[in-house]
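First comes the structure, then the notes that go with it.
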Amino acid sequence: MKTAMGFAFTLLLIVALQAASIDYTLTIDEPETHTARITMTLPATGDSVLYLAMPAWSQGRYVIYNFSQNVFDVKARCPNGHLLPVTLMDKQTWSVQTEQCDSVTISYRVFANTLDGTFSRIDSNGASVNGASLFMYLRGRKAWPIDLKVNVPASWQVICPLPVVASHTYYAQNYDDLTDSPLEMGMLHTYSFDHLHKKHKLVFHQSISADFLKPFTLDLKQVISTQAKLFDLPLPYKEYLFFYHLHPGLVHTDGMEHRNACRVLLRVDMDSIATDANLNPDYDNLIWLTAHEYFHLWNGKRLRPQGLGPFDYSKEVYTNALWIVEGLTSYFAYLALVRSGIYTREKFYDEIAGRISRYENDPGKKHRTLEEVSLLTWLFKGNIPQYGRTHIQNTTYSYYYKGIITGLLLDLLIRKKSDNNYSLDTVMQRMYNNFYYKKKDAYFRGTGYTLKDFERTAAFIAQSDLQDFFNQTVRSTQAMPYHLLKTAGLELIRQNQTNYMVQPVSDVSKAQKRIRQSWLGKP
């Protein structure tokens, strides 16, 4: 009898836990103070102690930022208003004594006055919210569903990629979903279009002229079509949001990918921008950064290395494959622009030559492999105190740049090995299918891959052993195999001490022309 009762109790507890959810409320009623008030109402689930934590880092930005430094006035209450004991356990974790309450409401305040792709900013004009910088999570319960209610001044709009369940109320499948869904608020200007049977929305903080908006939207559609064609599947979202902060007074340029949205911040004067990426550097930055962040919806947000979903926000999550996440995303952004005709081929060659020049002139390339700089991004991307002297600038380099070069040379090598029947496009498509699209059983869909998984997939597609290539480009500091450019009838020329140039060879064969056309599209 006791066994049956115990089983029944356990079953009821499991059902209760499965049905449990957390209600968050974000209130901004004093925006001039750059602060928000957050409340979390959650079931106590029979625990005598609950542990709440702020993330130490944020998805897509592999740096320990310690968001808890902006949290203050943490309190906990029972439904009857009785205050519960709250203890700070470490720099980012609080314990709450539940005292047999059925549910607990946590409240706290957050300071937010940094506008970029990682932090949040609140002021009298509106708010840009990155969830990891504002929202605590209940430790051990990140998989629980979440309702988020937003209270803001009546004149503000609120736009978020999460599903709307009521006015200014949104539903997140879990905490990872919540922190991957930015919010923009204020007097916003939105422009919508349908493409490939899905909705898309452009969100600006200023009105945009039709003279800019029309050609820009056409270019965006080209980017979307070109990148979607690579995966040969329907777009994996119902609606995608492009959030833009475009102003000459911004502190710096930045971008951040999200599952169904991206944020692009660019120092640019919109009154003088011309919509030609080949001639106008500002527009080039805008359309390339957008193409980069958009491609992340496949590479990085769905197809991802192990550890990058579900996330451990308490500490560094190491992967030696960030060059795939970021470098290959940059490479495919360039390909999308040239394949769609937004870039001329000459512009594409110039961009690749620029990345090669940057990498070849970096002294760090002699000291660390591509695997190592991917692993050590947590160290190299951190903020060094002014009094702290380091040698970092001479012993590391960007995995973006070497990742671009590695991706390009791998692409040409696969085309060469397969007689141009397959390419890096094929590798990405197969990786996406095997590690995300076919995996539907987990609460965070898909399984993370390892660098070895990527290498095996590339070798399978090329039907050739590629270990020598990966040993040379990823696991050593050897010179890069630029001779592979000849596969597409190109050559790398050193113009002077610091600059390189990529250009077609003078005597190009039919086979080289065929590969170049398949690779870059029609000129």
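These numbers come from the heavy atoms of this one structure, side chains and all, not from hydrogens, waters or symmetry mates.
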Seminar exercise, completed: Paired with Tyr237, the ring-ring contact (aromatic ring centres under 6.0 Å, His included) test is passed by just one of His200, His195, His197, namely His200
For this session: Examine the side chains of Thr487 and Arg415 and answer whether a donor and an acceptor come within less than 3.5 Å of each other.
Result: no
Exercise. If only atom types and distance count, is the side chain of Arg345 paired as donor or acceptor with the main-chain N or O of Gly521 below 3.5 Å?
Worked result: yes
Exercise. Taking everything shown except Lys347 itself, do over 12 heavy atoms lie less than 6.0 Å from its NZ?
Worked result: yes
For this session: Using a 4.5 Å cut-off on heavy atoms from C-beta on, say whether the side chain of Leu370 contacts that of Tyr397.
Result: yes
For this session: Look only at the side chain of Gln472 and the backbone of Ala479, and say whether a donor-acceptor pair between them is shorter than 3.5 Å.
Result: yes
Seminar exercise, completed: Of all heavy-atom pairs linking Leu337 and Ala291, the shortest is CD2-CB, 4.4 Å
Exercise. With respect to Leu202, which candidate in Thr290, Thr217, Leu241 satisfies the side-chain contact (heavy atoms from CB on, under 4.5 Å) definition?
Worked result: Thr217
For this session: Answer yes or no: does atom CG of Asp507 have more than 12 heavy-atom neighbours from other residues, nucleotides or ligands under 6.0 Å?
Result: no
For this session: Give the intermediate values and the outcome of side-chain contact (heavy atoms from CB on, under 4.5 Å) for residues Ile324 and Thr319.
Result: CA-CA 10 Å; Ile324 297 173; Thr319 171; over 6 Å; no
For this session: May I ask you to check whether over 12 heavy atoms, not counting those of Lys486, lie within 6.0 Å of atom NZ?
Result: no
Exercise. Do Tyr400 side-chain atoms and Gly327 backbone N/O form a donor-acceptor pair below 3.5 Å?
Worked result: no
Seminar exercise, completed: OG1 of Thr329 to CD1 of Ile404, rounded to nearest 0.5 Å, is 10.0 Å
Exercise. Hey, are the side chains of Ile356 and Leu492 touching, using non-hydrogen atoms and a 4.5 Å cut-off?
Worked result: yes
Problem set entry | Lys/Arg-Asp/Glu bridge criterion (N-O < 4.0 Å) met for Asp453, Arg456 | yes
Problem set entry | Side-chain (Thr179) to main-chain (Gly131) donor-acceptor, under 3.5 angstrom | no
Exercise. Can you tell me if Ser120 uses its side chain to pair, donor with acceptor, with the backbone of Ser133 under 3.5 Å?
Worked result: no
For this session: For residues Asn260 and Ser181, determine if any side-chain heavy atom of one lies less than 4.5 Å from a side-chain heavy atom of the other.
Result: no
Exercise. Between Asn361 and Thr498, is there a donor-acceptor pair closer than 3.5 Å when you use the side chain of the first and the backbone of the second?
Worked result: yes
For this session: Please determine which of Tyr294, Trp288, Phe295 meets the ring-ring contact (aromatic ring centres under 6.0 Å, His included) test together with Phe332.
Result: Phe295
For this session: Please report the C-alpha distance between Ile352 and Leu408 in whole Å, then the side-chain angles of each, then the deciding distance to 0.1 Å, and finally whether the side-chain contact (heavy atoms from CB on, under 4.5 Å) criterion is met.
Result: CA-CA 9 Å; Ile352 297 301; Leu408 183 151; 3.6 Å; yes
Exercise. Taking C-beta and beyond as the side chain, do Tyr449 and Thr457 meet within less than 4.5 Å on heavy atoms?
Worked result: no
Problem set entry | Side-chain donor or acceptor of Arg302 paired with backbone N/O of Arg259 under 3.5 Å | yes
Exercise. Ring centres of Phe242 and Tyr191 under 6.0 Å apart?
Worked result: no
Seminar exercise, completed: In terms of heavy-atom contacts, Pro182 and Phe243 come closest through CG-CE1, 3.8 Å
Exercise. Do NZ/NE/NH1/NH2 and the carboxylate oxygens of Asp362 and Lys402 come within less than 4.0 Å?
Worked result: no
Exercise. Does any donor atom in the side chain of His245 or Glu184 lie under 3.5 Å from an acceptor atom in the other side chain?
Worked result: yes
Problem set entry | Side-chain heavy-atom pair Tyr432, Pro236 within 4.5 angstrom cut-off | yes
For this session: To the nearest 0.5 Å, tell me how far Arg516 CZ sits from Asn420 CG.
Result: 12.5 Å
Problem set entry | Distance flag, aromatic centroids of His189 and Tyr244, threshold under 6.0 Å | no
Exercise. Hey, what do you get for CG (Asn320) to NZ (Lys452), rounding to the nearest 0.5 Å?
Worked result: 9.5 Å
Exercise. So, Tyr313 versus Gln59: side-chain donor-acceptor pair below 3.5 Å or not?
Worked result: yes
Problem set entry | Side-chain donor-acceptor pair present, Thr118, Ser58, cut-off under 3.5 Å | no
Seminar exercise, completed: Heavy-atom closest pair (Leu412 atom, Ala488 atom, distance to 0.1 Å) is CD2-CB, 4.0 Å
Exercise. Can you name the nearest heavy-atom pair linking Asn499 to Asn496, along with the distance?
Worked result: N-OD1, 2.8 Å
Exercise. How far does CD of Glu372 sit from CG of Leu379, to the nearest 0.5 angstrom?
Worked result: 12.0 Å
For this session: Decide whether His247 and Gln206 meet the rule of one side-chain donor and one side-chain acceptor closer than 3.5 Å.
Result: no
Problem set entry | Donor-acceptor pair, side chain of Asn280 and main chain of Tyr283, under 3.5 angstrom | yes
Exercise. Any idea which heavy atoms bring His205 and Leu188 closest together, and the distance?
Worked result: CE1-CD2, 3.4 Å
For this session: May I ask you to check whether over 12 heavy atoms, not counting those of Tyr500, lie within 6.0 Å of atom OH?
Result: yes
Problem set entry | Gln429 to Leu230 - nearest heavy-atom pair and separation | NE2-O, 3.0 Å
Exercise. Should Leu148 and Phe135 count as side-chain neighbours, where that means a heavy-atom distance under 4.5 Å?
Worked result: yes
Problem set entry | Candidate pair Leu265 and Val251, rule side-chain contact (heavy atoms from CB on, under 4.5 Å), full reasoning | CA-CA 9 Å; Leu265 302 94; Val251 175; over 6 Å; no
Exercise. Should the heavy atoms of other residues, nucleotides or ligands under 6.0 Å from CZ of Arg358 be counted, would the total exceed 12?
Worked result: no
Exercise. Where the side chain of Thr396 meets the backbone of Ile392, is there a donor-acceptor pair that is under 3.5 Å apart?
Worked result: no
Exercise. Side chains of His292 and Glu326: is there a donor and an acceptor less than 3.5 Å apart?
Worked result: yes
For this session: Check the pair Thr473 / Met480 against side-chain contact (heavy atoms from CB on, under 4.5 Å), numbers first and verdict last.
Result: CA-CA 6 Å; Thr473 60; Met480 297 292 279; 4.0 Å; yes
Problem set entry | Check: Phe454 and Val427 side chains under 4.5 Å, non-hydrogen atoms | yes
Problem set entry | Between CZ on residue Arg430 and CZ on residue Phe231, distance to nearest 0.5 Å | 14.5 Å
For this session: For Thr275 and Asp219, test the side chains for any donor-to-acceptor distance below 3.5 angstrom and give the result as yes or no.
Result: no
Exercise. Does NZ belonging to Lys365 count more than 12 external heavy atoms closer than 6.0 Å?
Worked result: yes
For this session: Taking the six-membered ring of Tyr437 (Phe, Tyr or Trp), confirm whether the NZ or CZ of Arg445 is under 6.0 Å from its centre and within 45° of its axis.
Result: yes
Seminar exercise, completed: When rounded to the nearest 0.5 Å, the distance separating OG1 of Thr253 from CG of Leu266 is 4.5 Å
Exercise. Can any side-chain N or O of Glu257 pair as donor or acceptor with the backbone N or O of Cys262 at less than 3.5 Å?
Worked result: no
Exercise. With Ser423, which of Leu413, Leu410, Asp411 fulfils side-chain contact (heavy atoms from CB on, under 4.5 Å)?
Worked result: Asp411
Exercise. Quick one: does Arg267's side chain get under 4.5 Å of Pro248's, heavy atoms only?
Worked result: no
